[in-house]
Amino acid sequence: MHIARTTARRTTTAAALAAGFALALSACGGSDAADEAAPQDTAEEDTAAEESTEDEAAVDDSAEESDDTAAAPAGEETQVDVGETIEDPDMGDTVEVLSAIRDFPSEEEAELMADGGEVVLLEVSVMPGDEYGGLVSMGNFEISWDEGDEFWGNKTRLVEEEMDAAGYAPLDDVSRSDGGEHSGWIAFLVDERADTYLVNYERDGAKVIGSDEEIDAFDQEFEIPAS
């Protein structure tokens, strides 16, 4: 899953002897047959063992190839210039995208990088407008590694400690009421490493409290270049 007296006696005795002889021959014949079959069975077992060994070797080779692929090293950390300026005409915000760090060496995201991903840092400087309230934050930025088909938000909090230790202070939320100039870094965890990335800066539309005035949504795309 898991029968006359004397004649019968002689006849019976002869019959018994014949039967015994026949059984002896049968037993000898069975032993010979088993002996002849044994080499064949052993050969089949040897063949099966060889095939099993070959299959195990193939599995081992496949596992080694898989391990070699997974252990492929990420690229070296490189800083690239972006030089993009974003002007929000309605809110009066000015956002300068200064540079990016390609292949940031995060131990927290070592598995991501071994699987072909990348940690990308983006350096920005924000000068908020003073006419309205609200915030300019990391949430305004999204990244795409498939030429704009999909955009993904930042994951700065997952590598924040490593960024600080490496001298890349994360960007804090910027209140428009604070004015001034504020700078910092945003982290993106990219599932599929690409030569270049699209980043979209997006600000939602809004309605001005106490009036009928509505502010249109705003967005602007720019590119992070290859390292």
Is the backbone of [Y] close enough, under 3.5 Å, to the side chain of [X] for a donor and an acceptor to pair up by distance?
{"X": "Asp81", "Y": "Gly83", "value": "no"}
{"X": "Asn140", "Y": "Ser137", "value": "yes"}
{"X": "Glu162", "Y": "Glu108", "value": "yes"}
{"X": "Glu84", "Y": "Glu96", "value": "no"}
{"X": "Asp204", "Y": "Ala217", "value": "no"}

Below 4.5 Å, heavy atoms only, C-beta onward: do [X] and [Y] meet side chain to side chain?
{"X": "Ser183", "Y": "Leu171", "answer": "no"}
{"X": "Tyr168", "Y": "Phe104", "answer": "yes"}
{"X": "Phe151", "Y": "Ile143", "answer": "no"}

Residues Glu118, Arg102: salt bridge by 4.0 Å N-O rule: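 Salt bridge between Glu118 and Arg102, a charged N being under 4.0 Å from a carboxylate O: yes.
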Residues Asp93 and Arg203 bridged, charged N to O under 4.0 Å: no
Look at the aromatic rings of Trp145 and Trp152 and report parallel, tilted or perpendicular, splitting at 30° and 60°. parallel
Tell me, with the steps shown, if Ile101 and Trp185 meet side-chain contact (heavy atoms from CB on, under 4.5 Å). CA-CA 10 Å; Ile101 298 295; Trp185 295 81; 3.6 Å; yes
By side chain to side chain contact (heavy atoms under 4.5 Å, CB included), which residues pair with Glu213, not counting sequence neighbours? Tyr132, Val208, Ser211
Applying a strict under-4.5 Å side-chain criterion to I, L, V, M, F, W and Y, I'd like to know whether Val95 and Val199 cluster together. yes
Can you find a side-chain donor-acceptor pair between Glu181 and Ser125 that sits under 3.5 Å?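 Ser125 and Glu181 do have a side-chain donor-acceptor pair below 3.5 Å.
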